[in-house]
Amino acid sequence: MRFSKPMLVITASVLLLNLTGCASKMIGVHAAAERVSLAEANQVASCKLISKNSVTVLAKVGFIVRDTTEVEENLYQLARNDAVDAGADTVVKGESTTFGTRIFSLYKCRP
């Protein structure tokens, strides 16, 4: 069976679009991650800094760049998962030097 060039381009495009949609579903969720809060830096003055973590997610599939909102949601979910592992209950979004990578500070604020 031979495929024409337009057929191959269409097939490849559909596959890439499906992969970009699946990328956000590949992030695992810790059971306790829903109890981790997102706070601003000025809200954690009385909290104990546990660590700073850099998290990275897939931001581009081939030549297709993923939606910014989805990438940020994935980064936040990974930070929440890391917070659970570290014994933290609050995360503060830090700098991002590259799309798909962000530093989060993990804090223990609740007793």
Side-chain angles (χ1 to χ4, degrees):
M1 175 186 267
R2 289 185 61 98
F3 290 103
S4 66
K5 189 172 182 177
M7 182 66 114
L8 287 174
V9 170
I10 291 170
T11 303
S13 298
V14 168
L15 285 172
L16 281 173
L17 287 173
N18 284 332
L19 284 175
T20 59
C22 293
S24 63
K25 294 173 182 68
M26 291 189 288
I27 304 293
V29 178
H30 280 282
E34 68 218 16
R35 294 190 301 261
V36 176
S37 304
L38 178 64
E40 297 294 324
N42 62 351
Q43 297 173 311
V44 293
S46 62
C47 301
K48 178 183 177 190
L49 176 65
I50 303 293
S51 68
K52 289 189 175 201
N53 287 11
S54 177
V55 294
T56 303
V57 298
L58 185 67
K60 189 172 156 182
V61 178
F63 58 88
I64 298 175
V65 177
R66 290 184 60 214
D67 179 63
T68 304
T69 304
E70 287 182 4
V71 170
E72 286 297 320
E73 287 174 0
N74 289 166
L75 291 169
Y76 176 47
Q77 184 60 56
L78 285 176
R80 291 170 65 193
N81 291 347
D82 288 349
V84 171
D85 292 340
D89 55 30
T90 306
V91 296
V92 174
K93 193 180 339 182
E95 59 196 53
S96 174
T97 56
T98 312
F99 182 57
T101 301
R102 182 170 296 281
I103 295 173
F104 285 87
S105 299
L106 311 180
Y107 290 89
K108 178 74 174 166
C109 296
R110 291 175 240 145

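Hydrogens, waters and symmetry mates are skipped; everything else that's a heavy atom, side chains included, is used.
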Heavy atoms only: give me the nearest Ala59-Gly100 pair and the separation to one decimal. CB-CA, 3.9 Å
Is any side-chain heavy atom of Leu49 less than 4.5 Å from a side-chain heavy atom of Lys108? no
Contact between Arg80 and Ser37 at the side-chain level, heavy atoms closer than 4.5 Å - yes or no? no
Find out whether Phe99 and Val71 are in side-chain contact, i.e. whether some heavy atom of one side chain is under 4.5 Å from a heavy atom of the other. yes
Could you list the residues that satisfy salt bridge (charged side-chain N to carboxylate O under 4.0 Å, His left out) with Arg102, not counting sequence neighbours? Glu72
Give a yes-or-no answer on whether the side chains of Asn74 and Glu70 include a donor-acceptor pair shorter than 3.5 Å. no
Minimum-distance pair of heavy atoms, taken over all atoms of Phe104 and Leu75: CE1-O, 3.7 Å
Closest approach of Asn81 and Ala33, non-hydrogen atoms and distance? OD1-CB, 3.6 Å
Is any side-chain heavy atom of Tyr107 closer than 4.5 Å to a side-chain heavy atom of Ile50? no
Check: Val91 and Ser105 side chains under 4.5 Å, non-hydrogen atoms: no
Closest heavy-atom pair, Thr101 versus Ser96, reported as atoms and distance to 0.1 Å, is O-OG, 2.6 Å
Report whether Val29 and Leu38 are members of the same hydrophobic cluster (ILVMFWY, side-chain heavy atoms less than 4.5 Å apart, transitive linking). no
Measuring from atom OG1 of Thr56 to atom CG of Asn53, what distance do you get when rounded to the nearest 0.5 angstrom? 11.0 Å
Where do His30 and Asp85 land on the side-chain contact (heavy atoms from CB on, under 4.5 Å) test, with the steps shown first? CA-CA 9 Å; His30 280 282; Asp85 292 340; 3.3 Å; yes
Treating Arg35 as the side-chain partner and Asp89 as the backbone partner, does any N or O pair qualify as donor plus acceptor under 3.5 Å? no
Note, Lys52 side chain near Leu106 side chain (heavy atom, < 4.5 Å): no
Quick check: closest heavy atoms across Ala88 and Val36, and the distance to 0.1 Å? O-CG2, 4.3 Å
For the residue pair Val44 and Cys109, what are the closest heavy atoms and their distance? CG1-SG, 4.1 Å
Linked, directly or transitively: Val84 and Val55 (ILVMFWY side chains, under 4.5 Å): yes
A quick test of your reading: do over 12 heavy atoms of other residues, nucleotides or ligands sit less than 6.0 Å from CD of Glu34? yes
From Asp82 atom CG to Gln77 atom CD, the distance as rounded to the nearest 0.5 Å: 10.0 Å
